[in-house]
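Lettering of chains follows the sequences in order, A, B, ..., and the numbering in each one begins at 1. All values below were derived from every heavy atom in this structure, side-chain atoms included, with hydrogens, water molecules and symmetry-related copies excluded.
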Protein chains: 4
Amino acid sequence: MSKDDRRQALVQAAFNEIAERGFEGLRTREVAAEVGVNIATLHYYFPTKEALIRGVVDLAMERFRSTLAPAGSPADQLRNHLRAVRRLLRDEPRLGTVMAELALRSARDPGLAEILRETTGYWHRTVRALLRHAVTGGNLGPDLDSDDVAAAVIAVLISMTLPAAGADRADQSLRQLERWLGLPPATD
Amino acid sequence: MSKDDRRQALVQAAFNEIAERGFEGLRTREVAAEVGVNIATLHYYFPTKEALIRGVVDLAMERFRSTLAPAGSPADQLRNHLRAVRRLLRDEPRLGTVMAELALRSARDPGLAEILRETTGYWHRTVRALLRHAVTGGNLGPDLDSDDVAAAVIAVLISMTLPAAGADRADQSLRQLERWLGLPPATD
Amino acid sequence: MSKDDRRQALVQAAFNEIAERGFEGLRTREVAAEVGVNIATLHYYFPTKEALIRGVVDLAMERFRSTLAPAGSPADQLRNHLRAVRRLLRDEPRLGTVMAELALRSARDPGLAEILRETTGYWHRTVRALLRHAVTGGNLGPDLDSDDVAAAVIAVLISMTLPAAGADRADQSLRQLERWLGLPPATD
Amino acid sequence: MSKDDRRQALVQAAFNEIAERGFEGLRTREVAAEVGVNIATLHYYFPTKEALIRGVVDLAMERFRSTLAPAGSPADQLRNHLRAVRRLLRDEPRLGTVMAELALRSARDPGLAEILRETTGYWHRTVRALLRHAVTGGNLGPDLDSDDVAAAVIAVLISMTLPAAGADRADQSLRQLERWLGLPPATD
DNA sequence: AATGAATGAGAGTTCATTCAT
DNA sequence: AATGAATGAACTCTCATTCAT
């Protein structure tokens with residue numbers, strides 16, 4: 001197993017632990033055990049627990065950002081984006097959980113806060129661009145190309161990372177969002 | 001200081017600690033110190049850390065539920081509710097943080113999950129009732145009285161408990177929500 | 001309840017706790033709870049845990065010493081003594097347990113060691129006197145009136161306070177002792 | 001120092017602590033300090049205090065059982081056994097104390113009770129066999145080959161683990177036991 | 001005579017981190 | 001590159017004791 005593979009395995013294990021036990025329950029020994037290596041080996045790859053967490057942040061950000069890439073014909077990109085995010089959070093609920101954990105932690109971690117701010121900003125600009133394309137293409141009313149709409153879209157998607165509402169609520173709110181955007185509701 | 005006051009002081013201190021350091025950083029000694037009592041005194045009031053956390057759950061739920069009570073004339077109740085929640089989370093950002101922490105923790109704590117499920121259910125029914133009143137009163141189009149709309153409203157409000165978006169984004173998304181609901185945007 | 005009765009109730013409760021959990025598990029709060037009084041009340045009667053233990057020592061010694069008093073006709077006193085001790089330990093196994101606990105503790109408690117030394121000495125002299133009477137009365141061979149025999153008798157009886165051997169072993173050893181002493185074996 | 005040596009050192013230190021302070025006064029930190037390691041190191045070898053105590057049980061049982069092995073010509077084995085046990089308890093009084101502590105604890109610890117029951121049973125059978133050999137060899141009257149005699153022998157020896165009687169009493173009772181068994185009294 | 005409230009000291013246990021090998 | 005062994009610091013929780021009432 002290459003050095004990089006092992007690094008990734010450790011990060012992935014830490015990711016899983018955070019998803020299942022929260023930062024509250026994250027134990028480096030558990031992470032090492034999950035990968036089947038000694039705790040000292042973990043510290044060989046990541047000098048501190050914090051460094052390991054940085055690795056998890058990078059992993060989560062990368063996974064999420066790869067979903068943001070516009071896909072499909074311009075006319076469909078907005079609807080595809082909503083569906084892609086919903087599918088991501090449904091198929092990989094751990095990612096949503098970890099991102100929510102990171103969001104809460106960012107209040108005490110300026111470096112993390114900056115990273116999330118950048119990602120959120122990029123996401124906002126992406127959604128805004130999708131709105132613009134949809135308006136331009138005649139698929140959306142012109143009043144829907146605004147920061148406020150982008151923020152609302154993102155708000156609904158972000159709320160899906162918290163388990164409070166439940167999966168059904170997530171579907172309902174997303175459906176309504178699509179109605180407000182004038183998109184035919186998703187059915188998958 | 002009465003026994004009940006001290007209990008409340010301890011719960012409040014734990015609440016503050018969770019808001020500032022997360023469950024990850026909650027330390028009973030810190031809670032006791034914040035109230036100015038010995039750690040043994042804390043255990044005199046709450047036999048275990050978990051019991052103290054239960055106290056925090058009760059406090060958070062009570063604070064939040066007291067905001068749900070409809071206020072103002074029926075025609076204004078929906079708009080008032082949105083504003084009340086936004087104001088609550090703006091004036092008391094700790095409550096939002098704690099509730100998000102609780103939401104994440106509920107994935108590992110069935111008892112807590114049940115409590116949140118109940119509160120969310122109650123909230124949903126409340127919003128749904130407000131929508132119905134608004135439709136009945138002619139302030140809202142009839143298609144807006146649905147579980148989907150209630151879920152969307154709640155989703156936007158819930159997203160405000162996570163710091164990821166930032167205060168500005170919260171305002172934007174709420175303003176757009178009010179537009180979609182046909183309510184004049186809040187200005188305070 | 002008179003002051004003295006309450007004192008006695010506390011001592012008895014402590015006695016029971018020692019018998020059931022050993023000094024290892026003796027908790028003043030548990031003692032107070034067993035009597036139904038506040039822990040502070042216990043400290044009103046016994047300023048320290050050690051003082052309470054002294055009370056238990058007195059109680060145990062008194063109970064045991066009252067068994068030592070010769071009973072029956074001189075010819076039967078030796079056999080009666082053996083039977084009385086055996087019956088005491090069978091009917092009140094807690095007393096044996098507590099006395100063994102005290103014996104072990106005496107290694108670290110000179111005051112207690114002195115008390116046990118006195119009691120043991122008194123017991124030894126008592127048994128020795130019983131042996132002498134039996135010899136004088138012609139019920140025992142003259143070689144059985146000695147410190148060695150008294151010590152052996154007491155050794156067998158003391159061993160019955162430890163649960164290691166089991167009740168059957170206690171009966172067996174006592175029966176053999178009676179044989180060696182030329183007493184008809186006990187049958188009850 | 002090998003891993004096994006350190007384990008043994010910790011067990012031996014715990015053994016010493018129990019002998020000197022009883023289970024009542026057994027403190028893991030003290031045990032670690034006696035060996036000169038950190039308290040966390042102790043928990044590296046023994047996850048819990050109870051596991052450490054199990055180690056002490058094993059040590060005590062092994063030490064005691066190794067004394068039970070018959071030694072010398074068959075004609076002398078019984079006398080040698082008595083002398084060996086007496087010498088063991090005299091030279092290593094801690095072993096007697098620890099075994100008495102274990103005996104008392106066995107009342108609250110079924111696992112320990114089973115271990116002691118086994119050891120006592122084995123001891124009983126051993127003594128019984130020695131009695132049989134002595135009778136067969138003509139060194140003992142035939143009536144002395146019985147469970148009752150074995151039980152009496154063991155009772156006298158067990159009583160020596162309790163300090164109540166004192167060393168002199170132990171010698172006296174053992175001497176008398178040897179007389180009853182028809183063995184010339186020990187003189188060492 | 002009795003108690004509720006409070007505490008200092010210390011218990012067993014955990015955990016991220018280090019270091020010699 | 002990897003590990004077994006070790007640790008300092010800190011954690012939750014306990015307990016005998018005190019004190020104002």
Side-chain angles (χ1 to χ4, degrees), chain A residues 1-3 5-7 10 25-32 35-53, chain B residues 1-7 10 25-32 35-53, chain C residues 1-3 5-7 10 24-32 35-53, chain D residues 1-7 10 24-32 35-53:
Chain A
M1 183 176 255
S2 85
K3 183 157 179 171
D5 285 355
R6 177 139 290 172
R7 268 188 72 91
L10 286 166
L26 177 62
R27 299 289 176 266
T28 52
R29 267 196 154 75
E30 206 56 42
V31 170
V35 173
V37 301
N38 188 278
I39 175 65
T41 302
L42 183 150
H43 273 87
Y44 173 76
Y45 286 92
F46 299 93
T48 66
K49 188 183 186 181
E50 217 54 39
L52 177 64
I53 291 174
Chain B
M1 182 177 251
S2 85
K3 178 154 186 174
D4 230 56
D5 286 353
R6 178 135 289 173
R7 267 187 75 91
L10 286 165
L26 178 61
R27 299 291 175 264
T28 53
R29 266 197 159 74
E30 206 56 43
V31 171
V35 173
V37 300
N38 188 280
I39 174 64
T41 301
L42 184 151
H43 275 91
Y44 177 74
Y45 287 91
F46 298 93
T48 65
K49 188 183 184 180
E50 214 56 37
L52 176 63
I53 291 175
Chain C
M1 184 177 254
S2 85
K3 183 159 180 172
D5 285 354
R6 178 141 289 175
R7 268 187 72 91
L10 286 166
E24 186 190 357
L26 177 61
R27 300 287 176 267
T28 53
R29 267 197 155 76
E30 206 55 42
V31 171
V35 174
V37 300
N38 188 278
I39 175 64
T41 302
L42 182 149
H43 273 88
Y44 174 76
Y45 286 93
F46 299 93
T48 66
K49 186 183 187 182
E50 217 53 40
L52 177 63
I53 291 175
Chain D
M1 182 179 251
S2 84
K3 178 154 186 175
D4 230 56
D5 286 352
R6 178 136 288 173
R7 266 188 76 90
L10 286 165
E24 184 190 357
L26 178 61
R27 300 288 175 265
T28 53
R29 271 194 162 75
E30 205 58 41
V31 170
V35 174
V37 300
N38 188 278
I39 174 64
T41 300
L42 184 151
H43 276 91
Y44 178 75
Y45 287 90
F46 298 94
T48 64
K49 187 184 185 181
E50 214 57 36
L52 176 63
I53 292 175

Whole-Å distance separating the NZ atom of A:Lys49 from the P atom of E:dT14:
15 Å
Between E:dT14 (P) and A:Leu26 (CG): distance, integer Å
17 Å
Which pairs count as salt bridge (charged side-chain N to carboxylate O under 4.0 Å, His left out) when at least one residue sits in residues 39-48 of chain A, sequence neighbours excluded?
none
Considering only residues two or more places apart or on different chains, which pairs with a residue in residues 37-48 of chain D satisfy salt bridge (charged side-chain N to carboxylate O under 4.0 Å, His left out)?
none
Measuring from [X]:[atom1] to [Y]:[atom2], what's the distance to the nearest 0.5 Å?
X	Y	atom1	atom2	value
A:Phe46	A:Arg7	CZ	CZ	4.0 Å
C:Asn38	C:Tyr44	CG	OH	14.0 Å
D:Thr28	D:Glu30	OG1	CD	9.5 Å

Mind running side-chain contact (heavy atoms from CB on, under 4.5 Å) on B:Leu10 and B:Val37 for me, showing each step along the way?
CA-CA 9 Å; B:Leu10 286 165; B:Val37 300; 4.2 Å; yes
Applying a 4.0 Å non-hydrogen cut-off, can you work out what C:Phe46 is touching in the nucleic acid: base, sugar-phosphate, or nothing?
nothing
Residue whose nearest DNA chain E nucleotide is more 5′ - A:Arg27 or C:Lys3:
C:Lys3
Mapping D:Tyr45 and C:Thr28 to their closest nucleotides on DNA chain F, which lands nearer the 5' end?
D:Tyr45
Going through the checks in order, is the side-chain contact (heavy atoms from CB on, under 4.5 Å) test met by D:Val31 and D:Arg27?
CA-CA 6 Å; D:Val31 170; D:Arg27 300 288 175 265; over 6 Å; no
Given that both pair distances must be under 3.5 Å and the pair must be Watson-Crick or G-U, what runs of three or more consecutive pairs involve DNA chain F?
E:2-21 with F:2-21
Of all residues at least two apart in sequence or in a different chain, which pass the salt bridge (Lys or Arg N to Asp or Glu O under 4.0 Å) check with C:Glu24?
D:Arg105, D:Arg108
Kindly say whether C:Tyr45 contributes a backbone atom to a donor-acceptor pair with the side chain of C:Lys3 at under 3.5 angstrom?
no
Going by heavy atoms in the side chains, are D:Ile53 and D:Leu26 under 4.5 Å from each other?
yes
Evaluate the criterion side-chain contact (heavy atoms from CB on, under 4.5 Å) for residue pair D:Leu42 and D:Val35; output intermediate values, then yes/no.
CA-CA 9 Å; D:Leu42 184 151; D:Val35 174; over 6 Å; no
What is the first contacted nucleotide of DNA chain F and what is the last, in 5' to 3' order, if contact means an atom lying under 4.0 angstrom from a heavy atom of chain D?
F:dG4 to F:dA10
What N/O pairs connect the protein and nucleotides 7-9 of chain E at under 3.5 Å? Give each pair on its own line.
residue: E:dT7; atom: OP2; partner: B:Asn38; partner atom: N; Å: 2.9
residue: E:dT7; atom: OP2; partner: B:Thr41; partner atom: OG1; Å: 2.4
residue: E:dG8; atom: OP2; partner: B:Asn38; partner atom: ND2; Å: 2.8
residue: E:dG8; atom: N7; partner: B:Asn38; partner atom: OD1; Å: 3.4
residue: E:dG8; atom: N7; partner: B:Asn38; partner atom: ND2; Å: 3.2

